[in-house]
Amino acid sequence: MAVERTLSIIKPDATDRNLTGKINSYIEEAGLRIIAQKRIQLTRGQAEAFYGVHKERSFFGELVDFMISGPVVPQILEGENAIAKYREVMGATNPANADDGTIRKDFAIDVQSNSVHGSDAPETAAVEIAFFFSETEITG
Ligand code: ADP
Ligand code: MG
């Protein structure tokens with residue numbers, strides 16, 4: 001299996017509840033390394049661009065409002081099979097369907113305020129990492 005990188009975002013519902021460290025302990029205990037990190041306030045334009053793939057969905061406007069409602073923590077995670085592994089650690093989009101021991105089962109509020117984002121494929125991971133981080137910000 002190859003070493004991969006994926007883009008994680010700790011979302012405003014989680015930064016608001018002071019859960020950054022608890023969520024990162026799930027990430028690190030799964031064997032994923034946090035190799036880049038920042039805490040930022042997204043602009044509306046940035047949130048609309050990041051979630052552009054969802055712009056036709058009924059929840060798009062609410063999703064953008066939510067993502068700019070407070071600070072977020074984008075991070076690059078690195079490890080064996082990191083993209084699929086982090087999706088497992090996150091759990092299902094709707095916490096009602098998430099497995100025990102996943103971040104979303106343990107921390108998410110509902111299908112929108114679900115605490116974390118994770119890339120879903122190598123192509124999207126590369127685009128999403130470049131959205132938040134320049135090469136000089138990635139130290140490994
Ligand atoms: P995931 O984050 O698991 O990859 P999606 O890419 O399908 O899920 O959706 C992106 C984000 O949009 C979700 O994480 C969630 O915050 C929000 N979302 C998804 N489905 C809904 C929904 N039915 N109602 C409200 N918000 C939603
Ligand atoms: Mg997604």
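Keep in mind it's a predicted model, so treat the numbers as computed, not measured. Remember, it's 1-based here, ligands and their atoms both numbered in the order they're listed. Position 1 is the first residue of the sequence, and the numbers go up from there.
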Counting both backbone and side chain atoms, is some N or O of [X] under 3.5 Å from an N or O of ligand 1?
X	value
Tyr51	no
Ser113	no
Arg57	no

>> Looking at Glu78 and Arg5, is any side-chain nitrogen of the basic one under 4.0 Å from a carboxylate oxygen of the acidic one?
In response: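 A salt bridge is present here (some side-chain N lies under 4.0 Å from a carboxylate O).
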
>> Closer than 4.0 angstrom, basic N to acidic O: yes or no for Glu137 and Lys38?
In response: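 Here Glu137 pairs with Lys38 in a salt bridge, since their nearest N and O are under 4.0 Å apart.
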
> Do Leu7 and Tyr26 belong to the same hydrophobic cluster, where Ile, Leu, Val, Met, Phe, Trp and Tyr are linked whenever their side-chain heavy atoms lie under 4.5 Å apart, directly or via other members?
Replying inline: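 Different clusters.
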
> Closer than 4.0 angstrom: is that true for some heavy atom of His54 and an atom of ligand 1?
Replying inline: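 Heavy atoms of His54 do come under 4.0 Å of ligand 1.
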
>> So, 4.0 Å and heavy atoms of Arg87: is ligand 1 close enough to count as a contact?
In response: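 Per 4.0 Å heavy-atom rule, Arg87 contacts ligand 1.
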
Can you tell me which residue and heavy atom of the protein come closest to [atom], and the distance to 0.1 Å?
atom	result
atom 2 (O) of ligand 1	Arg104 NH2, 3.0 Å
atom 16 (O) of ligand 1	Gln112 O, 2.8 Å
atom 23 (N) of ligand 1	Phe59 CD2, 3.9 Å
atom 15 (C) of ligand 1	Val111 O, 3.2 Å

Relative to ligand 1, is [X] under 4.0 angstrom through side chain, backbone, both or neither, heavy atoms considered?
X	answer
Asn114	side chain
His117	neither
Met67	neither

> When rounded to the nearest 0.5 angstrom, what distance separates CZ in Phe59 from CG in Asp65?
Replying inline: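 Going from CZ on Phe59 over to CG on Asp65, the span is 13.5 Å.
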
> Going from OH on Tyr51 to NZ on Lys55, what distance comes out if it is rounded to the nearest 0.5 angstrom?
Replying inline: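 Going from the OH atom of Tyr51 to the NZ atom of Lys55 covers 15.0 Å.
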
>> Under 6.0 Å from the ring centre and within 45 degrees of the ring axis: does the NZ or CZ of Lys11 meet both conditions for the six-membered ring of Phe66?
In response: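 Not flagged: Lys11 not positioned over aromatic ring of Phe66.
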
>> Nearest non-hydrogen contact with atom 12 (O) of ligand 1 belongs to which option: Val64, Asp13, Thr93, Leu63?
In response: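 Closest candidate by heavy-atom distance is Leu63.
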
> Are Phe50 and Phe131 near enough that their ring centres are under 6.0 Å apart?
Replying inline: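 Judged by ring-centre distance (under 6.0 Å), Phe50 and Phe131 do meet the cut-off.
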
>> Looking only at side-chain N and O atoms, does Asn24 offer a donor or acceptor that is under 3.5 Å from a partner on Gln75?
In response: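 Short answer, yes.
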
> Just by modelled atom types, is the Gly118 backbone N or O under 3.5 Å from a matching donor or acceptor in the Arg87 side chain?
Replying inline: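 Here the side-chain-to-backbone pair exists.
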
